[in-house]
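Structure first, commentary second.
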Amino acid sequence: MDGLPPFHQTNVLLLKGPRTQNPELRSHFLSSRALGDTDTFTATPAYALRLSSSGVPAGVGGFNGVYSLASMKMIHAQMIKMPGKWSSDDHLAKSLIRHYVNLGDDRSAASVLLLGLARSNVRWNSFSEELKDFSQLPVRILEVFDDLHRKGMVFDARIFAVALRVCTYVLDLWLGVVIHACVIKRSLDSDAHVQRALMNFYERCWGIERANRVFNEMPKREDVVWNEAVKLNVKHEQWVRALELLREMQYSCMKVKGTTTVRVLQACGKLKALAQGKQIHAHVLRFGMESSVPICNVLISMYAKNGELELAGAVFNSMEDRNLTSWNSIISAYASFGFLDDAWNHFHKLKSSTIKPDIVTWNCLLSGHTLNGSYEDVLTILRMMQIYGIQPNSRSITCGLQSVIELGLLPHGKEIHNYVIRHDLDCDVYVGTSIVDMYAKRDCLDIARAVFNNLKSKNIFAWNSLISGYSFKGHLQDAENLVGQMEDAGIKPDIVTWNSMVSGYSMWGHTEKALDMIHQIKLSGLTPNVISWTALISGCSQNGKYRESLEYFIQMQEEGIKPNAVTISTVLQSCGGLSLLQKGKEIHCLSVKNGMTRDVCVATAIIDMYNKSGSWRSAHKVFKRIHKNSLASFNCMIMGFAMYGLGKEAISLFHEMCSIGITPDAITFTAILSACKNSGLVNEGWEFFDKMSRDYNVTPKIEHYSCMVDLLGRAGYLDETWDFIQKMPLKPDATIWGALLCSSRIHENIEYAEIAAKNLYELEPDNSANYVLMMNLYAMSNRWKDFDHVKELMNSAGLKNGQAWSWTQIDHTVHHFSAGQSTHPDCGEIYFELYQLISQIKKLGYVPDVSCVYQDIDDVEKEKVLLSHTEKLAITYGLMKRKGSAPIRVIKNSRICSDCHTVAKYISMLRKCEIIIKDGVRFHHLSKGNCSCKDCW
DNA sequence: ATTTGCGTGC
């Protein structure tokens with residue numbers, strides 16, 4: 001038989017019949033040699049039948065009609081007699097199956113599959129095409145199996161294995177278990193085929209855990225089964241289990257397949273199991289597998305995911321052959337760790353080679369830039385891709401959308417949305433969710449909702465994005481309704497859903513409701529986390545409820561939740577808001593202890609806290625200690641100097657900032673103009689105001705104009721101020737008129753004051769300060785009739801003169817002094833001390849400034865009124881209780897009066913102490929008889 | 001066999 005075409009091949013030709021269009025094959029079939037074959041196998045009746053009945057040439061085209069079921073069965077019987085000849089050939093089996101099915105005999109087709117597969121090395125998966133066409137085949141196979149089983153046929157392990165494969169295919173959960181029982185009964189469960197089939201059956205039908213259990217219970221497990229177990233565990237992302245299996249395999253010197261090595265290295269990447277990964281790398285080298293490109297590729301990825309970029313690079317450099325995946329792996333490694341230059345270098349090297357970058361290459365670059373926060377570059381790369389003719393896919397688009405969200409570029413976002421629709425990417429879950437998120441974050445709630453409604457699969461991310469959008473905008477009822485709809489849709493709100501709600505309620509001032517939500521989270525079986533608490537704390541802080549925010553901060557820690565950098569920044573803001581220097585210091589310590597001071601936001605918040613708590617020196621110390629100061633920290637420190645009237649320092653810091661390459665923004669200019677304003681630096685102020693739009697392309701906003709009005713007005717240039725207001729391109733708001741009113745009062749210009757006041761009464765009718773300023777001005781000018789008129793106006797608006805108060809902190813207690821109230825327990829002693837101080841400073845030249853009292857009373861009475869000013873009481877108490885040389889810190893809710901200011905200066909000289917007063921607008925740092933404000937406020 | 005693996009809350 002040697003040298004002749006094998007029998008089974010000839011049969012394939014026969015069975016395939018008319019489909020054999022290949023002329024060469026036809027001629028082969030018709031050749032004398034082929035005919036010679038038939039002589040050898042005359043025992044094949046159908047073959048003989050066909051040849052004899054049709055004559056050779058005619059028969060070629062007419063197979064279909066010629067074959068009867070009977071002749072098919074005869075051929076089949078012939079084949080079974082010679083199992084060795086066709087056992088490893090699935091083409092023949094496939095032809096046989098097709099013919100049986102075409103002839104309407106599914107059962108025979110099924111038995112060919114069952115028995116044929118069992119006797120051959122043919123893999124079940126290679127029949128998937130046939131199964132697609134004949135969907136009833138698997139069930140028939142199981143019927144045949146069952147039938148033969150009942151008839152008492154003794155199956156071998158292979159038949160059970162095939163039956164299990166079929167059970168897996170049709171997801172017949174129970175038959176598979178029954179077969180498993182039979183297999184155990186017949187002690188066939190140590191067969192490798194059966195074991196693999198069992199693993200696959202349990203994995204598909206009962207889950208990976210059950211599969212692992214069955215694996216553990218197997219008597220003797222061959223290497224292939226171990227490899228299979230690793231494969232399935234990696235598929236189910238059971239990384240730990242996969243690694244355990246491999247460890248045991250290595251321990252018992254089993255053969256680890258290349259594919260298994262690849263899969264386990266993937267596990268090491270995901271798990272960040274560097275030691276394991278290195279060990280497998282050693283294994284790879286020991287068995288000489290380092291020439292395998294896929295193994296090296298996955299090694300690069302594994303090292304990259306473990307942050308070992310040098311090792312990743314070393315593997316890449318050691319490779320003799322590289323494919324596109326190798327390049328993608330190394331580019332991804334560098335890009336994802338922010339080594340963008342290295343990533344681009346490799347990208348260019350790749351481009352100059354013969355291999356072409358693909359979408360994955362570009363996506364690696366995109367996600368690297370996205371992670372690195374280089375959002376503008378992401379958009380540039382997307383444009384480059386289009387130039388190179390690479391169509392961005394869903395993953396590229398998600399990077400693009402994220403960048404657009406961060407940059408706040410809604411038009412670009414809409415452009416991407418358009419692209420998404422045109423390229424049918426909107427069915428991608430990630431893309432869809434990102435688009436919803438983008439519109440929700442850019443205040444386009446209606447569009448967000450429309451996109452959301454069109455999503456094919458609405459996952460929790462999409463729901464949360466939308467809910468967060470509504471909640472953020474203050475549409476809290478809509479947000480609550482959405483949570484209800486989400487539950488109706490069968491999605492349980494998670495901690496993020498709740499946090500969005502906590503944050504919305506808290507941010508919009510409903511802090512009790514937000515706290516209530518925190519309790520609801522507990523009731524729903526979840527635990528409020530640091531973000532939930534921070535949402536509550538931050539909402540309080542933003543709404544000026546600083547005390548509450550600090551209380552919740554304590555409560556959070558009592559519940560065992562550790563604050564993070566955001567929490568710390570937020571509570572530092574609250575401390576600053578209350579000027580609680582002690583508490584602020586405590587939190588500063590806490591952040592140092594937890595290594596959070598490296599966080600830019602925390603560092604900036606610390607600076608801000610010290611500035612607002614009256615300790616610009618501490619702020620400056622922290623500022624100088626930061627290695628890489630950001631725009632925000634510079635802005636903060638410049639603003640700090642501004643608040644203390646340290647104009648020159650502010651200006652020099654501005655120049656320092658520019659010299660190290662940080663570009664000032666609108667906030668910087670607000671800060672620097674405030675600094676000029678608080679130090680009376682008119683020329684410098686003008687210079688900066690001109691410079692901001694000319695040199696830095698920052699268009700002045702209302703707050704910048706307001707600073708200028710304040711600066712010019714207070715310096716006494718009232719006509720210029722008026723002129724400036726007339727010429728400004730923006731409609732003057734309350735801050736502008738307020739600044740004009742203040743300046744007019746200082747310089748006793750009733751004309752401008754009245755214009756300003758008239759506007760203010762309209763713009764902010766409820767602000768009593770405007771009425772009071774006007775009354776003061778009339779009192780100063782002895783225009784008591786006008787005084788009474790404003791008073792009436794104020795009364796009829798239902799307003800009262802705001803309560804003036806001051807406070808100072810001694811140890812951990814805040815001592816509060818309110819105007820007209822003598823409620824402090826040490827009140828008598830304080831007045832006694834104050835009288836003594838006043839008589840002592842009078843000897844140094846102090847003269848009470850009775851012009852500060854706007855009441856129609858005589859000077860002796862006025863002097864008494866001056867003594868009751870709350871800041872004097874607070875300063876006196878501070879002096880009485882102070883320890884060592886610590887400065888006395890007083891916080892006051894309204895502007896300090898000129899008499900108190902003078903008194904404080906004298907006291908600082910008399911008692912050689914520092915006094916720091918925070919009034920309604922700024923700080924006064926008094927020492928040795930001088931004030932940091934240089935008497936300009 | 002191998003590479004990108006993304007999206008929600010402070």
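Since this is a predicted model, take the numbers as computed values, not measurements.
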Candidate nucleotides [options], ranked by approach to the side chain of [X] - the nearest:
X: A:N464; options: B:dT8, B:dT2, B:dT4; result: B:dT8
X: A:V262; options: B:dC6, B:dT2, B:dT4; result: B:dT2
X: A:S332; options: B:dC6, B:dT2, B:dT4; result: B:dT4
X: A:T325; options: B:dT4, B:dT2, B:dC10; result: B:dT2
X: A:V360; options: B:dC10, B:dA1, B:dT3; result: B:dT3
X: A:N328; options: B:dT3, B:dG5, B:dC6; result: B:dT3
X: A:K305; options: B:dC10, B:dT8, B:dT4; result: B:dT4
X: A:D494; options: B:dT8, B:dC10, B:dT4; result: B:dT8
X: A:A535; options: B:dC10, B:dT8, B:dT4; result: B:dC10
X: A:I295; options: B:dG5, B:dG9, B:dA1; result: B:dA1

Atom-pair distance ([atom1] on [X]; [atom2] on [N]), nearest Å:
X: A:L366; N: B:dG5; atom1: CG; atom2: C1'; result: 13 Å
X: A:L371; N: B:dG5; atom1: CG; atom2: C1'; result: 11 Å
X: A:I381; N: B:dT4; atom1: CD1; atom2: P; result: 17 Å
X: A:Q402; N: B:dG5; atom1: CD; atom2: P; result: 11 Å
X: A:K231; N: B:dT2; atom1: NZ; atom2: C1'; result: 15 Å
X: A:I359; N: B:dT4; atom1: CD1; atom2: C1'; result: 9 Å
X: A:L350; N: B:dT3; atom1: CG; atom2: P; result: 17 Å
X: A:R395; N: B:dC6; atom1: CZ; atom2: P; result: 8 Å

Suppose we call two aromatic rings close when their centres sit under 6.0 Å apart. Are [X] and [Y] close by that rule?
X: A:W362; Y: A:Y388; result: yes
X: A:F553; Y: A:W533; result: no
X: A:W344; Y: A:Y334; result: no
X: A:H281; Y: A:Y303; result: yes

Quick check on A:D341: does its CG atom have over 12 non-hydrogen neighbours (other residues, nucleotides or ligands) under 6.0 Å away?
no
At 4.0 Å (heavy atoms only), tell me whether [X] reaches a base, stays on the sugar-phosphate, or touches nothing.
X: A:V431; result: nothing
X: A:T370; result: nothing
X: A:T534; result: base
X: A:C364; result: sugar-phosphate

Salt bridge or not between A:E203 and A:K235? Use side-chain N to carboxylate O under 4.0 Å.
yes
Taking OP1 and OP2 of [N], is either one under 4.0 Å from a side-chain nitrogen or oxygen of [X]?
X: A:Q266; N: B:dT3; value: yes
X: A:K235; N: B:dA1; value: no
X: A:S500; N: B:dT8; value: no
X: A:K441; N: B:dG9; value: yes

Got a donor-acceptor pair under 3.5 Å from the side chain of A:S538 to the base of B:dC10?
no
If you measure only the distance, is there a donor-acceptor pair under 3.5 Å linking the side chains of A:Y470 and A:R449?
yes
